[in-house]
Student: 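Have a look at this one before I ask anything.
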There are 2 protein chains.
Amino acid sequence: MERTVAVGTKFMLEVNASAILTHLRSAGRASVSALAKQAGLSRQAVSRSLAVLESMGLVEISAPDRAATPTGRPPQMVRFRAEAGHVLGVDMQPGHARIVVADLAGDITSEATVSLPRKGLSRALTAAVGRVLDEAGLRPGDIWHVSAAAPGIVDPATGHFTLSVSMPEVVGDTILAGLRAAVEAPVYVDNDVKLATTGERWRGTPHAEDALVFIDWGERIGAGIVLHGQLFRGASNDAGDIGYLDLCAPPASEGDEDLGPFERWVGTRELLRLTGRAVTLPELAAAAGRGEDWAVSAIGTVGARFAKGVAAIRALLDPDVIVIGGDITQLGTGLLDAVTDALRAEQLAQPRLEISALGADAIIHGAIRHSLSWVERERFDVSAIRRV
Amino acid sequence: MERTVAVGTKFMLEVNASAILTHLRSAGRASVSALAKQAGLSRQAVSRSLAVLESMGLVEISAPDRAATPTGRPPQMVRFRAEAGHVLGVDMQPGHARIVVADLAGDITSEATVSLPRKGLSRALTAAVGRVLDEAGLRPGDIWHVSAAAPGIVDPATGHFTLSVSMPEVVGDTILAGLRAAVEAPVYVDNDVKLATTGERWRGTPHAEDALVFIDWGERIGAGIVLHGQLFRGASNDAGDIGYLDLCAPPASEGDEDLGPFERWVGTRELLRLTGRAVTLPELAAAAGRGEDWAVSAIGTVGARFAKGVAAIRALLDPDVIVIGGDITQLGTGLLDAVTDALRAEQLAQPRLEISALGADAIIHGAIRHSLSWVERERFDVSAIRRV
DNA sequence: CTAACATACTTACGGACCGTACGGAAGTAA
DNA sequence: TTACTTCCGTACGGTCCGTAAGTATGTTAG
């Protein structure tokens with residue numbers, strides 16, 4: 001029932017300034033006249049809005065550019081000040097963390113990968129972030145928003161980890177506390193696959209997809225789902241938990257009780273077991289590359305099983321594209337071919353399959369994208385623009 | 001890149017009028033002062049907006065109500081004119097159609113169920129709609145929007161049916177042409193399960209759910225999915241085609257080739273086959289009610305299989321609630337119990353299960369809701385309110 | 001070197017909207 | 001009848017937008 005109303009004529013300026021800022025952020029640099037033409041406003045209105053944005057430090061009016069028009073008076077150019085603020089992305093993985101600073105345009109300005117102890121993780125994280133900020137020449141107040149990712153289950157209300165099999169040290173508010181001590185900004189914590197999905201959609205191959213499913217395929221299997229252009233979480237923040245998809249997999253065998261049915265059936269643990277040898281994933285990939293039967297056969301079997309999962313996703317969601325990431329991508333396109341072959345037997349038209357173009361980087365890109373969305377909503381939106 | 005800008009001060013009036021209309025539509029009736037307080041505007045601003053809305057015929061200023069305030073001058077009451085326009089909902093089923101007229105508040109003002117021929121369907125539909133409008137005392141121009149539903153596959157771009165197994169007579173633009181000849185308004189045609197989902201979410205038991213899956217369970221099985229509060233269609237408008245969900249069902253047997261794996265496994269045809277007798281659904285329901293073994297057992301088997309489908313939906317989507325509709329609901333709650341029992345064996349927490357409260361009415365309610373959404377978007381939104 | 005032309009910026013004004021303020025209107029309670 | 005409460009209507013100042021006229025700063029042609 002909270003509906004926007006226009007209370008006072010200042011409202012118009014706010015609306016217009018916000019719209020102009022959006023234009024300018026996508027264009028990067030433009031003349032006042034060009035902005036006016038694009039926005040459908042008079043030059044005066046645009047100038048007024050720009051004056052406000054300039055006083056907020058969000059835009060900069062630079063010298064006239066004589067190259068912009070072939071004839072006539074050169075226009076003053078105006079530029080979005082991407083350096084007006086920064087966001088922080090953190091990707092926590094067992095033993096190490098990647099910390100990235102990006103400006104408001106999403107360009108990375110500073111980053112570091114640090115190894116972290118299992119004990120005293122919180123304080124070590126605070127110190128590491130402090131060092132990255134120092135390197136970038138930024139103070140804690142210069143960061144507007146922080147998004148952090150780690151494997152495990154997060155309570156979306158509090159940002160606390162309730163469970164993490166591979167990183168038990170992050171359970172509780174470890175990450176939250178460590179980051180809050182380092183910066184003066186809101187901190188968001190989420191599951192790494194969820195943020196990787198956001199990252200794939202932003203910086204991966206298929207940009208404009210309305211419906212995208214990202215599958216993190218390793219020993220465990222999880223998925224992120226983007227629908228209607230935004231990440232879908234589900235009733236208990238557990239949408240995309242396809243490790244527990246049960247497609248009549250055999251019952252759990254010895255030592256597999258911690259995995260879900262789909263993970264037991266197509267996870268990397270099962271894949272390596274199917275080879276009948278003691279090999280690692282890279283070794284398997286190499287053998288498959290040489291065309292050795294045992295390797296090709298194991299990949300074919302798992303690929304065909306995975307195809308059943310793809311078909312289930314297709315029947316229910318009918319996505320544009322399914323992006324595969326995670327450890328399994330070490331196997332390269334041979335895997336994709338195996339899945340695609342098996343899919344030909346399905347009755348429905350199947351979605352496009354792709355291997356993640358970003359790999360492990362998807363997570364950190366997703367974290368940055370999430371923080372930028374916060375900035376757009378909280379700092380660039382109509383309600384955030386007030387005349388000083 | 002189409003971003004709203006405030007071009008001219010009239011914009012403010014439009015914004016405010018639209019907001020006030022929204023308030024008024026949910027309240028039904030209110031005083032000017034009350035509206036001003038709720039909207040955070042001055043009485044003058046509200047009065048101006050109301051004058052515009054009145055000139056559009058959308059609101060009516062009625063006599064002062066002395067009961068509204070215990071003391072002081074009685075306020076003039078203002079009322080949303082739900083009768084300012086009407087929408088038409090049509091539910092086509094084999095052999096007959098239900099035609100409903102609703103006002104802008106969604107209240108049904110007139111309806112009829114007519115039997116239709118398979119030949120000359122288009123013209124018969126036109127005539128039937130004409131009679132319903134006559135009865136309601138409306139002219140074709142009084143209808144603002146039409147939504148029609150039928151079983152089958154619809155091309156969302158054109159509104160043409162590309163396939164309908166149970167109603168081959170609607171394939172093509174039959175419905176579209178028939179309705180366009182009867183009214184002077186945009187006509188929307190969609191699959192009946194999709195619209196039933198919309199109806200369930202609007203008028204069914206669980207109102208405010210963010211994630212709802214509606215399953216039409218009969219001989220065939222289809223689902224509608226509401227996510228982020230709106231119907232999800234998928235890349236090829238085929239999301240929710242769970243008849244083709246393959247949970248290791250046995251291969252197709254004689255005479256089942258037209259069904260998908262899930263339909264062959266849990267559809268009513270399989271259910272009746274499992275009884276080993278020549279019975280109809282109502283007979284099976286009655287026998288189960290009397291506790292006869294063969295009936296209870298068949299329902300238990302199919303219920304357990306269906307639970308596997310529920311679990312798959314849960315793993316992928318994690319919905320708040322799954323609503324079951326369709327022919328199968330003739331079996332009553334015994335079926336629901338069978339499914340719920342089987343779900344207890346699953347590892348993940350499962351969604352709430354409900355039997356459709358609306359039954360066959362869900363479709364027509366969904367059609368009305370869809371037309372009302374069109375009206376809200378096209379007639380009540382900021383851009384639609386222009387001073388005369 | 002100057003005039004013609006093209007484009008951009010600046011200033012001034014009218015129109016429209018909102019909020020505040022004040023007076024009148026229409027009730028109830030003493 | 002008077003006091004009080006609440007609502008309605010009008011007038012005024014403030015801010016925003018658009019239009020228009022004038023000024024500034026370039027290029028191009030002679």
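Since the model is a prediction, treat every value here as computed from it, not as a measurement. A note on names: the letters A, B, ... follow the listed sequences, proteins ahead of strands, and every chain is numbered from 1.
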Student: Let me spell it out: for each of A:Ser47 and A:Thr9, pick the nucleotide of DNA chain C with the closest heavy atom. Which residue's pick is nearer the 5' end?
Tutor: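 Result of the comparison: A:Ser47.
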Student: Would you please confirm or rule out a distance under 4.0 Å between OP1 or OP2 of D:dG18 and any side-chain N or O of A:Ser42?
Tutor: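 Yes, such a contact exists.
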Student: Can you tell which of D:dT10, D:dC17, C:dC17 lies closest to the side chain of A:Ala45?
Tutor: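 Per side-chain heavy atoms of A:Ala45, the pick is D:dC17.
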Student: Hey, what's the ring geometry for A:Phe380 with A:Phe80, parallel, tilted or perpendicular (30° and 60° as the breaks)?
Tutor: perpendicular
Student: I need the CG-P distance between B:Leu13 and C:dC17, as an integer number of Å.
Tutor: 6 Å
Student: What is the nucleic acid contact for A:Gln76, judged by heavy atoms within less than 4.0 Å: base, sugar-phosphate only, or nothing?
Tutor: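 Sugar-phosphate contact only.
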Student: For A:Leu50 and C:dT10, give me the distance from atom CG to atom P, rounded to whole Å.
Tutor: 12 Å
Student: Could you give the CG-to-P distance, from B:Leu35 to C:dC18, as a whole number of Å?
Tutor: 14 Å
Student: Verify side-chain contact (heavy atoms from CB on, under 4.5 Å) between A:Trp374 and A:Arg379, making sure each step is shown before the conclusion.
Tutor: CA-CA 8 Å; A:Trp374 181 93; A:Arg379 299 291 191 99; 4.2 Å; yes
Student: Would you kindly give the CZ-to-C1' distance between A:Arg43 and D:dT23, to the nearest whole Å?
Tutor: 13 Å
Student: Could you measure the distance from the CD atom of B:Gln230 to the CZ atom of B:Arg233? Nearest 0.5 Å is fine.
Tutor: 10.0 Å
Student: Nearest of D:dA20, C:dT20, C:dC9 to any side-chain atom of A:Gln44?
Tutor: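 Nearest nucleotide to the side chain: D:dA20.
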Student: Could you tell me whether B:Glu376 and B:Arg369 make a salt bridge, using a distance below 4.0 angstrom between a side-chain N and a carboxylate O?
Tutor: yes
Student: Please confirm whether the shortest side-chain N or O distance from A:Asn16 to OP1 or OP2 of D:dC16 is below 4.0 Å.
Tutor: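 For D:dC16, neither OP1 nor OP2 has a side-chain N or O of A:Asn16 closer than 4.0 Å.
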Student: For C:dC18, does either OP1 or OP2 sit under 4.0 Å from a side-chain N or O belonging to B:Arg48?
Tutor: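 So the side chain of B:Arg48 is within the cut-off, an N or O lying under 4.0 Å from OP1 or OP2 of C:dC18.
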Student: Residues two or more places apart in sequence or in another chain: which of them pass side-chain contact (heavy atoms from CB on, under 4.5 Å) with B:Asp361?
Tutor: B:Arg98, B:Leu358, B:His365
Student: Would you mind checking if B:Asp134 and B:Arg139 are paired as a salt bridge, meaning a charged N to carboxylate O distance below 4.0 Å?
Tutor: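 No.
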Student: In whole Å, what is the span from the CZ atom of A:Phe11 to the P atom of C:dG19?
Tutor: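 Whole-Å distance recorded here is 12 Å.
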Student: Tell me: CD1 of B:Ile20 to P of C:dC17, nearest whole Å?
Tutor: 13 Å
Student: Are there any protein N/O atoms within less than 3.5 Å of an N/O atom in nucleotides 2-6 of chain D, and if so, which ones and at what distance?
Tutor:
unit_1, atom_1, unit_2, atom_2, d
D:dT6, O2, B:Arg73, N, 3.0

Student: Roughly, in whole Å, what's the span from CE in A:Met77 to P in D:dT25?
Tutor: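 Atom-to-atom, A:Met77 to D:dT25, this comes out as 18 Å.
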Student: Nearest to the side chain of B:Met12, heavy atoms from C-beta on, is which of C:dA16, D:dC17, C:dC18?
Tutor: C:dC18
Student: Charged N to carboxylate O under 4.0 angstrom, A:Asp103 versus A:Arg81?
Tutor: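 No, A:Asp103 and A:Arg81 are not salt-bridged.
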